[in-house]
Amino acid sequence: MAPGIIEPQPAVSAARSHSLQSVTEPYDDTLRFYLNGTKIVIDSVSIDPEITLLEYLRGIGLTGTKLGCAEGGCGACTVVVSQLNPTTKKLYHASVNACLAPLVSVDGKHVITVEGIGNVKDPHPAQERIAMGSGSQCGFCTPGIVMSLYALLRNESDPSELQVEEAFDGNLCRCTGYRPILDAAQTFGKNKACRKATANGGGGCCKENGNGDAASGCCMEKKIGVDGDQPIKRFTPPGFIEYNPDTQLIFPPALTKHQFKPLAFGNKRKRWYRPVTLNQLLEIKSVYPSAKIIGGSTETQIEIKFKAMQYTASVYVGDIAELRQYSFKDDHLEIGGNVVLTDLEGICLEAIEHYGPVKGQPFKAIHKQIRYFAGRQIRNVGTPAGNLATASPISDLNPVFVATNTVLVAKSLDTETEIPMSQFFKGYRTTALAPDAIIASLRIPVAREKGEYLRAYKQAKRKDDDIAIANAALRVSLSENHVVESVDLVYGGMAATTVAAREAVSTLKGKTWTDPGTLERVMNALENDFDLRFGVPGGMATYRKSLALGFFYRFYNEVLSDLGGKAFGIDQDVRGEIERAISTGKKDHQATQAYEQKILGKANPHVAALKQCTGEAQYTDDIPVQKNELYGVMVLSSKAHAKILDVDFEPAMDLPGIFEWVDHHDLPSPEANWWGAPVCDEVFFAVDKVFTAGQPIGMILADSAKHAEAGARAVKVHYEDLPAIFTIEEAIAQQSYFQHYRYINKGEGEEGKFDESVWEKADHVFSGVVRMGGQEHFYLETQACAVVPKPEDGEMEVYSSTQNPTETQAYVSQVTGVQANKIVSKVKRLGGGFGGKETRSIQLSGICAIAAKKTRRPVRCMLNRDEDMMTSGQRHPFLASWKVAVNKDGKLQALDADVFANAGWTQDLSGAVVDRALSHIDGCYLFPNIHVRGRIAKTNTVSNTAFRGFGGPQGMFIAETYMEEIADHLGMPVERLREINMYKPHEITHFNQELKDWHVPLMYQQILDGTDYQERREAVEQYNHEHKWKKRGLAIIPTKFGISFTAIFLNQAGALVHLYHDGSVLVAHGGTEMGQGLHTKMTMIAAQALGVPLSDVFISETATNTVANTSSTAASASSDLNGYAIFNACEQLNDRLQPYREKLGKDAKMKDLVHAAYFDRVNLSANGFYKTPDIGYTWGPNTGQMFYYFTQGVTAAEVEIDTLTGDWTCLRADIKMDVGRSINPAIDYGQIEGAFVQGQGLFTTEESLWHRASGQLFTRGPGTYKIPGFRDIPQVFNVSLLKDVEWENLRTIQRSRGVGEPPLFMGSSVFFAIRDALRAARKQYGVEDVLQLQSPATPERIRISCADPIIKRAQVEPKEGEKSFFISI
């Protein structure tokens, strides 16, 4: 928690307090609600008024509901709140973010958590199908996803495919790639219509649009779901529980008669008021105007959590029925200010039907904006009044209210005021609402019968559940002669408030819309209206300006189309935005048939999936609170580089609940403060300087998380600023590097070195620069740790969410000053890791251990999402300059490259990351000569670390970038260039390793043939020829990923296997389960080896006192290493049991074998061990084998981009991976899909930004950092495994290949398909120079890479000395 100066405010002045008390004196002080069918009664004395619903649930032991972000952006905390809806008068089951919901909001309602709908023995069908359908990997997000699906099923017993997809728009998952969750969820609905039908949210299928062919078997011909003549029975997969809506948890009958009473409860610091009538609310506001009004708490809770705002008197207004009504008037729709957005969606559809499509245009615009406004959980509680009162400059609804000339009705106790929306916003976050007034209702005018046109637009980083970069509501009224009579052009995201384009409006009035000159005049005026400077707050000046112009250009042409179209020279292609169809996908479930065994090779579900789906799976912070446990919150640096002048923690010690302050003085020695691997160059606590914003300075310990957070904020740190370096370019300019330097030099010259004469001999020499951003891990479970000191010998148990128990043990031993044999590091499971918990988890474990040692009490800490992102590091940003020699036939001759990684302020694993990038910089292509060099830049950013792929994706991205650019230079299809230069079997890489079992060329051809790639290429070219503003792109990308730790000593593993009298088997190994299915594969290996049922094998946890000296679970090698170690242990046991098998017969049960062996005093436990053979590469001489083998794959992707806005969608992706003989294809498919989508995010939506003025990370939560969501995955998502080949040289367990990391780079196929589309867009305007597209390809980068006249005129250049608002490192 970064320190800030927060002075506690007095609750209220004495006079106000007395008045408020007199008004609310008769109010009740008891909360009454139902929880999973049980009545709960809470009086005001026994509850902290500041806790959220999530904190209450977890506090009473219902830990299935998770904390993922605390800002309502990830959905991990989703629960269902059922109530009789005062707007619709019907029972509604609302999915709700428990992390935002104040406890007062559930009075009189029924709260249902994941534990309330089923358990492992008796799961709900939603839980069972997601589990059995491989829809849960790490499982941390799963309870929230289950509850979103449950809410949908309770409200819609027969949901459409679109309703299923949209049910999850407030949920995020980092593991699965979403496809298996959607497949499981779609089994609950009917297959109603084609993927583009209006029933599924599309623009209409073939027949609906009048261009269908009856012979094609269109959905309209089949009458499915269109007029309901032929309903289809809901599909229940064989062997699964039938879903019966009539047998669900009932709404408690007592609540149907519940009388809502006004509530008042709390203490001196915080009081809640819950009026139930409008008059009660107005009375409160009259005596205490500054009382905080709360509807959905969607913004207020974020202010409290992350901005330390204190609201001593809060008024919850969600249960005032008068504010949740609506009525249709002759010329307007009146809605209560507190109608929730979900209800407003339905009201808008009803209004369109009531007034007709022409007069109902305002409601169509509102409905469109709501659809992409946040997630369903937010829309279930958010309200128009809340949206207006917060006065956000990027609100999606406010521009529509202003453009439609909506009238806001404000009420105070004595007055009713009508405020035109055009006069409501006064400045940044300020409005015309009187202090004692509330927003009672909105009167939204209908459109005119003739001549009025209204559209709303929005562009964000991600289509669903994202805040706008810019938005607009544009309205015009025309005379019969098309003369503009009135006009409103209202924009969000362009200024400090929702703002009208005044000059453009003035220019338009009185002009003829159909006059070609009108458009140009308005575009000029818009340039003046939005003359953004380069360093404008929020950044993206050129992009935002282009959006303002682009929205109007689209609106202008859509109105022309409505007026009669072609006669007015309409730009037809600009009409309409990208439509996304319902997503589908296929897998080849026959891929493993040829080598399937009794257990191995079969698609068994994840062993913990059902526990994860029912909320029974335990994560670190789910461990029950220990007696005398303290909660720790770190005090983090707010400066990027500074001297620490003073740390004053005394103000914190005076606060309630604060127990202790811990810092570097509490270590046994100054040396014990240092940590890091392989170079020990980082400190647990800053001493006299800080080197990055987010560096730990100390930790506050308190009796609760809330008290500890308040204490951490009260610590005052004084600094003296020092110069800071952020970007790789700045580091190069200042020669700021760590010592690590590697190179690979191989060629046709003397002694096998690079032949410099190649530059003269080659037909062409091309060069370029590659820039690639980093990536936040965004595991759903943040870094978490619980440390329990024992009373004897300094013993300590450390429960940590770590991929590296042994290193945790080693550093806890160091900071506590006791031997490692007294430290036990334990891991049950991780809620995702992806490399981010390989080393970076050590920091939190060490600090908690120091605190536990000092206090001799258990200490727990789970980082907030913002703290995690500030402290835990990311994927390394890379910069590379390359030079390639190539002949005119496309044959590559030489590669020379300098590669730089942004390490951050310490080395961490940066050296090994650069090493792997150098080894993968050849991609899948043969170079006779290569000389590549790697350096790591030292900067003042968070220390970057391991992330799935570990430098491999960066190296291969450099490779595919130079291949694309070389192909452009040569005027050759890049697919052909790849084919010409692709490695052949047994050729030698630049690090002198022979390619054995090399199947990339085979898979490349299979993808080309199996996806009709050439025909689709021709179709894409035809589409691009016919479309001006929509362009499509196609790319096919291969991958080879080396499997082994590059540090040789890490390629070892141990295992321990016990046999028990009842025939059950307990397995322990050194790997940690983080969703990748490692324990599932390991139990399968043990069951197959011992000849026992899979259900008889169990893995409890990973712990350093069962298997010692483990390697971190990383490098995609854990199945290989631990699998063989387990197999080795099982073989020992089999040898010992062989005499008893001979004696008792081959069909003897394990319990009989064990029983007999036990009485003969045979050891029934075995230690297994394995080390990877043959490997041992030496840098410099370029000798030895670097990798044990290569996992390979090929992917083709097709995209469509909207060049007017930068919006895009992936139409299709086809992935084929060579994973050898799969141990478990269900697990492997899950890894492939999840890695692909994570890779797609890396190369498209996921952009990390630093705030230039403060040097702090800006993108520190789901509100600003955008991982892909459910509706970002490919619309057609096909995955298959290579089959019908022999793996002659593969000597791994089961002849399988590691699969965790290799598929991630396949996501780059989407990036290169976008680049392909951009080439077509640029060519259209005569720009054919080679495009250097930086990763990630965000909508901003897509748009500014275009070459149309609109982007040219929107260009914003920096003035002398002017810098951008954000820094991309």
Side-chain angles (χ1 to χ4, degrees), residues 196 198 202-212 331 351-353 355-368 399-400 403-405 445-457 472-490 501 504-526 548-579 1023 1025-1031 1202-1205 1324 1348-1350:
K196 291 199 173 182
T198 51
C205 73
C206 54
K207 270 301 178 77
E208 287 175 301
N209 288 334
N211 58 355
D331 61 349
I352 294 167
E353 192 173 328
Y355 294 112
V358 176
K359 293 174 73 175
Q361 287 180 88
F363 315 114
K364 183 178 181 182
I366 292 170
H367 184 269
K368 176 188 175 187
V400 186
T404 54
N405 298 303
V446 300
R448 292 188 342 192
E449 286 276 13
K450 291 183 67 177
E452 185 166 337
Y453 304 91
L454 174 69
R455 299 287 192 279
Y457 304 99
L474 310 179
R475 185 198 63 82
V476 67
S477 293
L478 305 177
S479 70
E480 290 187 1
N481 298 324
H482 311 318
V483 174
V484 178
E485 294 179 338
S486 70
V487 61
D488 287 284
L489 307 177
V490 186
V505 167
S506 175
T507 300
L508 257 178
K509 284 180 180 174
K511 301 294 190 300
T512 303
W513 190 267
T514 53
D515 177 358
T518 298
L519 174 63
E520 183 58 28
R521 283 190 286 270
V522 175
M523 296 291 269
N524 286 333
L526 283 170
L549 298 174
F551 289 157
F552 180 79
Y553 185 77
R554 175 159 282 158
F555 175 63
Y556 178 81
N557 282 282
E558 287 179 346
V559 173
L560 279 185
S561 175
D562 289 349
L563 290 174
K566 295 181 180 176
F568 304 117
I570 180 178
D571 188 343
Q572 285 281 0
D573 189 52
V574 80
R575 294 171 56 241
E577 301 168 41
I578 286 178
E579 275 190 8
Y1023 181 92
H1025 177 71
E1026 294 170 356
H1027 291 77
K1028 180 180 176 183
W1029 294 100
K1030 308 284 194 316
K1031 298 294 180 185
D1202 180 346
T1203 61
L1204 188 70
T1205 62
Q1324 177 176 297
D1348 55 273
I1350 293 177

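What's counted below: heavy atoms across the whole structure, side chains too, no hydrogens, waters or symmetry copies.
The backbone N or O of I1350 lies less than 3.5 Å from a partner atom in the side chain of D1348, making a donor-acceptor pair. Side chain of E520 to main chain of G517: no donor-acceptor pair is present (N/O by atom type, distance under 3.5 Å, no hydrogens or angles). Checking side-chain atoms of D1202 against main-chain N and O of I578 turns up no donor-acceptor pair under 3.5 Å. In terms of modelled atom types and a separation under 3.5 Å, the side chain of K368 and the main chain of A456 share a donor-acceptor contact. No donor-acceptor distance shorter than 3.5 angstrom exists from the side chain of E485 to the backbone of G510, with no hydrogens or angles considered. Without hydrogens or angle criteria, H367 side chain to F363 main chain gives no donor-acceptor distance under 3.5 Å. Between the side chain of K1030 and the main chain of D573, a donor-acceptor pair closer than 3.5 Å is present. Looking only at distances, a side-chain donor or acceptor of T518 sits under 3.5 Å from a matching main-chain atom of T512. Under the 3.5 Å distance criterion, the side-chain polar atoms of K1031 are matched with a main-chain donor or acceptor of H1027. A side-chain donor-acceptor contact under 3.5 Å links K511 to the backbone of T507.
Look at K359 and D331 and you find no salt bridge, because none of the NZ, NE, NH1 or NH2 atoms lies under 4.0 Å from a carboxylate O.
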Self-check item: Derivation of the side chain to side chain contact (heavy atoms under 4.5 Å, CB included) call for R521 and D515
Solution: CA-CA 10 Å; R521 283 190 286 270; D515 177 358; 3.3 Å; yes

Quiz item: Are R475 and S486 close enough, and set up right, to give a side chain to side chain contact (heavy atoms under 4.5 Å, CB included), and what steps lead you there?
Solution: CA-CA 8 Å; R475 185 198 63 82; S486 70; 3.2 Å; yes

Quiz item: R455 and K364: side chain to side chain contact (heavy atoms under 4.5 Å, CB included), yes or no, with the steps?
Solution: CA-CA 8 Å; R455 299 287 192 279; K364 183 178 181 182; over 6 Å; no

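With a 6.0 Å radius and a threshold of 12 heavy atoms from other residues, nucleotides or ligands, K1028 has its NZ atom above the threshold. Other residues, nucleotides and ligands contribute at most 12 non-hydrogen atoms within 6.0 Å of the CD atom of E480.
The closest side-chain heavy-atom distance from V487 to K509 is below 4.5 Å. Between L478 and V559 there is a side-chain heavy-atom pair separated by less than 4.5 Å. Using a 4.5 Å cut-off on side-chain heavy atoms (C-beta onward), Y556 and D571 make no contact. Side-chain contact check for V483 versus W513: every heavy-atom pair is 4.5 Å or farther apart. T1205 places a side-chain heavy atom less than 4.5 Å from the side chain of R554. The shortest side-chain heavy-atom distance between L1204 and V574 falls under the 4.5 Å cut-off. Residues E577 and Y457 meet the side-chain proximity criterion, which asks for heavy atoms closer than 4.5 Å.
Between A365 and L454, the closest heavy-atom pair is CB-CD2, 4.1 Å. Of all the heavy atoms in A447 and Q361, the pair that sits closest is CB-NE2, 3.9 Å. Of all non-hydrogen atoms in G576 and E558, the two that sit nearest each other are N-OE2, 3.1 Å. When all heavy atoms are compared, the tightest approach of V522 to A504 is CG1-CB, 4.1 Å. When all heavy atoms are compared, the tightest approach of L474 to F551 is CD1-O, 3.6 Å. Closest approach of A403 to D488, counting heavy atoms only: O-OD2, 3.4 Å.
Checked by atom type, the side-chain pair S561/R575 shows a donor-acceptor distance below 3.5 Å.
Ring pair W1029/Y553: centre-to-centre distance below 6.0 Å.
Taking CG from L489 and CG from L526, the interatomic distance works out to 6.5 Å, rounded to the nearest 0.5 Å.
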